[in-house]
Amino acid sequence: PISWASRTQKFVTTSSTEAEIVAACDAVKECAFIKALLDSWSNDSWPCKVTEPIVCHEDNQAAIHWFDNGLMSNRAKHFGTRVYYVRDQLKKSKLILFRH
């Protein structure tokens with residue numbers, strides 16, 4: 001499935017990298033929800049279990065660096081949980097980060 005949304009973020013970000021990290025995390029969470037929903041509907045008459053990982057497209061090089069390395073500093077503590085959530089999905093092979 002393809003999902004698209006345009007809305008303001010719930011809080012103010014101070015950089016484009018931080019905004020990209022927040023958006024990527026929200027997108028991954030939404031895709032994980034849709035995947036779980038399809039898996040719960042799957043049965044013998046309607047097999048819709050999703051076996052492939054989620055594909056997320058990211059073009060911000062700094063955000064990609066955070067997702068790959070995850071080195072946290074005092075300046076980045078406030079969005080660290082989002083980075084770690086995306087990294088966790090990458091490590092579990094539930095997510096593929098397509099770099100532009």
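If you read the sequence from its start, that first residue is 1, and numbering goes on from there.
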Apply the side-chain contact (heavy atoms from CB on, under 4.5 Å) test between Cys25 and each candidate in Tyr85, Tyr84, Phe67; give the one that qualifies.
Tyr85
Side-chain atoms of residues 92-99: list all donor-acceptor pairs with protein atoms under 3.5 Å, sequence neighbours left out, distances to 0.1 Å.
from, atom 1, to, atom 2, distance (Å)
Lys92, NZ, Asp88, OD2, 3.2
Arg99, NH1, Leu97, O, 3.0
Arg99, NH2, Asp68, OD1, 2.4
Arg99, NH2, Asp68, OD2, 3.1

Qualifying residues under salt bridge (Lys or Arg N to Asp or Glu O under 4.0 Å), relative to Lys91, sequence neighbours excluded
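Scan of Lys91 (salt bridge (Lys or Arg N to Asp or Glu O under 4.0 Å), adjacent residues dropped) gives none.
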Name all residues meeting the side-chain contact (heavy atoms from CB on, under 4.5 Å) criterion together with Ala36; count only those two or more places apart in sequence or in a different chain, and write none if there are none.
none
Atom pairs and distances, side-chain donor-acceptor, residues 54-64, under 3.5 Å, sequence neighbours left out:
from, atom 1, to, atom 2, distance (Å)
His57, ND1, His100, NE2, 3.1
Glu58, OE2, Asn60, N, 3.1
Asn60, OD1, Ala62, N, 3.0
Asn60, OD1, Ala63, N, 2.9
Gln61, NE2, His100, O, 3.3

Main chain of Arg82, side chain of Arg87: is a donor-acceptor contact present, judged purely on distance under 3.5 Å?
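Looks like no, no N/O pair under 3.5 Å.
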Contact list for residues 20-40, test side-chain hydrogen bond (donor to acceptor under 3.5 Å, both in side chains), sequence neighbours left out
Ser3-Glu30
Quick one: does Trp66's side chain get under 4.5 Å of Val86's, heavy atoms only?
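With C-beta onward as the side chain, the pair stays apart.
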